[in-house]
Structure formats: C-alpha cells, structure tokens
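The residues of the chain are indexed from 1 along the displayed sequence. Numbering of ligands and ligand atoms starts at 1, following listing order.
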Amino acid sequence: MKIIGTGSAIPSKVVTNEMLASFLDTNDEWITTRTGIKTRRLRSTETLVDLAVSASRSAIESANIQPDEIDFCICSNVANNYVTPALSCIVQQHIGSHAPCFDLNGACAGFLDAMSVAEALLKTNRAKNILIVCAEEPSRFCNWKRRETSILFGDGAGAVVVTKGNDLKSLRLTTVPNRDVIVYQRRMENTPFEVPGVDITEPLIMNGREVFRMAVESSQRDLRLVIEEAGLTPDKIDLYLLHQANQRIIKSIQEHLAQPAYKFPTNIERMGNTSSASIPILIDELYSSGKLKKGDMLALSAFGAGFVTGAAVLRWSK
Ligand code: ACO
C-alpha cells in the first residue's frame, strides 16, 4: 500500500476555551494544562456529510485521479445522523463514484482499521485505488452541560487515497475488551414487546483517567512492536503521528519511547480530539505544509472505545 492523495475538511466555527467557560464551570488554564487544547472546530453551518465530501474530493484531486477511478470506498465513523444508508454511500453519491463501499466503526482507531482492510483488498486484487475517509462529529455525543467531556472534542474529516505499493511496513490491531471506559449510547425506538430496560440518562460516559492510562500503555507497546516488525528502532522513525486525544498522553508516549518532542507533531491544540479523523487530518496538514519528505518513516498509533488500538509503520513516498 502507498498513500497517493490526502485531504481534510474542518468546520468554520472556532470555539475557544473562553467561549466554553461562558456556559460551563471551567477555564482556559484547566483545559490547557490538562489537555493541551486551546480551540476546537465545531459544526455550525456545515453538516458532517459536507465535511466528508470535501475531504474526499481534496484527497482524490491530490491523488491526481478522477472519482470514477476509485474502486472501493471505506468510511470510518462512530456515529452520525444516518444509521442507514452508510455514510460512505452518501459520500459516494456526492463525489460521483459507484464503487463498492462500507462504513466501519473502530472508534478513534478507525483509520488504522481502514488501512488494514484496504491493504487486504489491494493484496487480493479486489481494488486498485481506495478512498479512506474518516468523518467524525464527537461533539454531538456529549452532554454539553458536562465539563468533563464536552471540552475535549472537535469535529472534522480527513481522507487519503491509497493504491498498491510497498510503503506499509507493518500494521497491528488489538482489542482489550473493556466496554466501560468510554461508552456512547444512542436512544432507539422500543417495540411494544420489549421489557423496559434502564433509560439512557447520559449519552457519553468516560473514565478519563483510565482512558489516559490505557492509551499510554497500549500506544507505546504497539509502537515498539510495529517498529520492531518493520525492522527498525524508535530512533529511525522520522515522525510519530498519534491519535490526538490529549497533549499529555502524547507527551507521555514520547517520553516512554525516549524520542525528541519535534518528532510528535500535533493539531490537538487547534482541533481538539476529532476521533478517527485526527490522524488523516494531521497527515494532510503535514503534507500540505511541506513537512512530510519523501522517504520519511512514519509511525502511526491510535486508541479508543472498546478498548481498541491500532499502530503502523509507513514510509512516505508522495
Ligand atoms: N474544567 C475544570 N475542572 C474540571 C473539568 C473542566 N473541564 N473537568 C473535570 N474537572 C475537575 C474534576 O471535577 C476534578 O475535580 P475534583 O478534584 O474536585 O474532583 C478535577 O478537575 C480533576 O479531574 P480529573 O478527571 O482527575 O482530571 P484529569 O487530570 O484526569 O484530566 C481528562 C481529565 C482531561 C479527561 C484526562 O483524564 C484525559 O484527557 N483522559 C483521556 C480522555 C480521552 O482522551 N478521552 C477522549 C475520548 S476517547 C479517545 O479519544 C481515546
């Protein structure tokens, strides 16, 4: 596999910590020191479909191909307005592609899941050009009266086009079953035959400290394993592109790996946590600003509700 196109789209609305402090019992100092987040982008006028379509179009244009040359489309999304049809079907209709498509939900690690599926499709000659689009609106899972969760998230979409190649050196997905650390439940209709269950009182429930601990433990473990599997050592990695959940999580992983901070580029301070979109948005930002050089060795790592994790080593050749 190799990445031949990148794209991203973020909402126009910039929400600062001070804006949140106007209706939540919080402040810029707490949010900045605990998370590293200064601003996030939240949907206001645009829909998630708008963002997904825009990111996809940019990635296809960057790949220098036409939409009808996409022969598979995978969309990573945790939740959106449409339960069915899949978000990938809606995106395809907008971009003018008729390729087979499906959505996957790998929580914040969805980009790594999509890369894994794409690699299998390419290796078995089921596709030549695959569009992966990660589109997320985690701000809509939160109870906006709760300061513990609503300060963390941002909305956005990141996309890549991948084709056959030898840039993917290693990839690993894991699950440590633990459904309690992050749970987002959606209300559904009840049938007349159902025994009433427990009502959903809180949409998103998160044990922040436990997520923090599991993220650091699993990410540095996964990174060591994929780097070793790629025949490398941590110092041979040029950039570590980690899921943007919390600046302190990233710093802790950096310290565990004993690597310099400049190798860990971030957008959490501007974007908040954009779930599975965070890594492809970061890739697009780095590529567009000339910060990815041909031959750079990248280590990717993401983690999220489940508790699921994914990591990969990828050579950059675009
Ligand atoms: N503003 C001010 N005070 C707050 C806020 C807030 N927004 N939120 C919580 N507090 C208070 C708490 O009530 C608590 O008060 P108390 O001491 O009087 O009880 C105090 O701050 C400390 O709370 P902790 O939860 O212990 O703070 P912590 O240092 O653990 O930071 C945080 C919380 C930022 C959520 C951290 O644990 C974290 O980032 N964890 C990772 C969570 C994560 O990444 N989730 C993303 C979703 S899943 C994913 O992407 C993998």
task: For atom 48 (S) of ligand 1, state which one of Ile268, Thr33, Ile182 supplies the nearest heavy atom.
output: Ile182
task: Could you tell me whether Glu119 and Lys123 make a salt bridge, using a distance below 4.0 angstrom between a side-chain N and a carboxylate O?
output: yes
message: Counting only heavy atoms closer than 4.0 Å, does ligand 1 sit against the backbone of Thr26, its side chain, both, or neither?
response: both
- request: Ignoring hydrogens, just give me the one of Phe307, Phe303, Phe141, Trp30 whose non-hydrogen atom is nearest atom 33 (C) of ligand 1.
  value: Trp30
task: Taking atom 3 (N) of ligand 1 as the reference point, report whether a protein heavy atom occurs under 4.0 Å from it.
output: yes
- prompt: Do the charged groups of Arg57 and Glu61 touch, with an N to O distance under 4.0 Å?
  reply: no
query: Hey, mind stepping through Leu298 and Leu292 against side chain to side chain contact (heavy atoms under 4.5 Å, CB included) and telling me if it holds?
result: CA-CA 9 Å; Leu298 312 178; Leu292 289 180; 3.9 Å; yes
- request: Apply the side chain to side chain contact (heavy atoms under 4.5 Å, CB included) test between Arg40 and each candidate in Ile268, Asn17, Leu152, Ile10; give the one that qualifies.
  value: Asn17
- prompt: Heavy-atom distance to atom 30 (O) of ligand 1: which of Arg248, Arg213, Arg209 wins?
  reply: Arg209
Option among Val133, Ile90, Leu87 that satisfies the side chain to side chain contact (heavy atoms under 4.5 Å, CB included) test with Asp103: Leu87
field: Pro280 versus Ala159, closest heavy-atom pair with distance
entry: CB-N, 4.0 Å
query: With a 4.0 Å cut-off, strictly under, does atom 26 (O) of ligand 1 pick up any protein heavy atom?
result: yes
- prompt: Nearest to atom 28 (P) of ligand 1 by heavy atom, Arg34, Glu29, Met206, Arg146: which?
  reply: Arg34
task: Ignoring hydrogens, tell whether any protein atom lies closer than 4.0 Å to atom 16 (P) of ligand 1; use the non-hydrogen atoms only.
output: no
message: Does only the side chain of Asn273 get under 4.0 Å from ligand 1, or the backbone, or both, or neither? Count heavy atoms.
response: side chain
- request: Flag the pair Arg147 and Asp25 as a salt bridge only when some basic side-chain nitrogen lies within less than 4.0 angstrom of an acidic carboxylate oxygen.
  value: yes
- line: Ala245 heavy atoms within 4.0 Å reach ligand 1 at atoms 44 (O), 50 (O)
- request: Output the list of atoms in ligand 1 that are nearer than 4.0 Å to some heavy atom of Asn246, sorted by atom number.
  value: 34 (C), 38 (C), 39 (O)
task: For the residue pair Tyr287 and Trp316, categorise the inter-ring angle as parallel (less than 30°), tilted (30 to 60°) or perpendicular (more than 60°).
output: tilted
message: On a heavy-atom basis, I'd like to know which of Ala305, Gly304, Gly208 is closest to atom 40 (N) of ligand 1.
response: Gly208
query: Can you find a non-hydrogen atom of Ala215 under 4.0 Å from ligand 1?
result: no
field: Shortest protein heavy-atom distance from atom 49 (C) of ligand 1, along with the residue and atom involved
entry: Cys108 SG, 3.5 Å
- request: Can you pull out the closest protein heavy atom to atom 13 (O) of ligand 1? Residue, atom name and distance to 0.1 Å, please.
  value: Arg147 NH2, 3.0 Å
- request: Considering only NZ, NE, NH1 and NH2 on the basic side and carboxylate oxygens on the acidic side, decide whether Arg41 and Glu46 come within less than 4.0 Å.
  value: no
field: Atom indices of ligand 1, in the order listed, that fall short of 4.0 Å to a heavy atom of Thr35
entry: 34 (C)
- prompt: How far apart are the closest heavy atoms of Phe303 and Cys108, and which atoms are they?
  reply: O-CB, 3.1 Å
- request: Would you mind running through ligand 1 and noting each atom that sits below 4.0 Å from a heavy atom of Phe153?
  value: 47 (C)
- prompt: Identify the closest protein heavy atom to atom 43 (C) of ligand 1: which residue and atom is it, and at what distance?
  reply: Val211 CG1, 3.7 Å
Basic-acidic side-chain contact under 4.0 Å: Glu217, Arg221: no
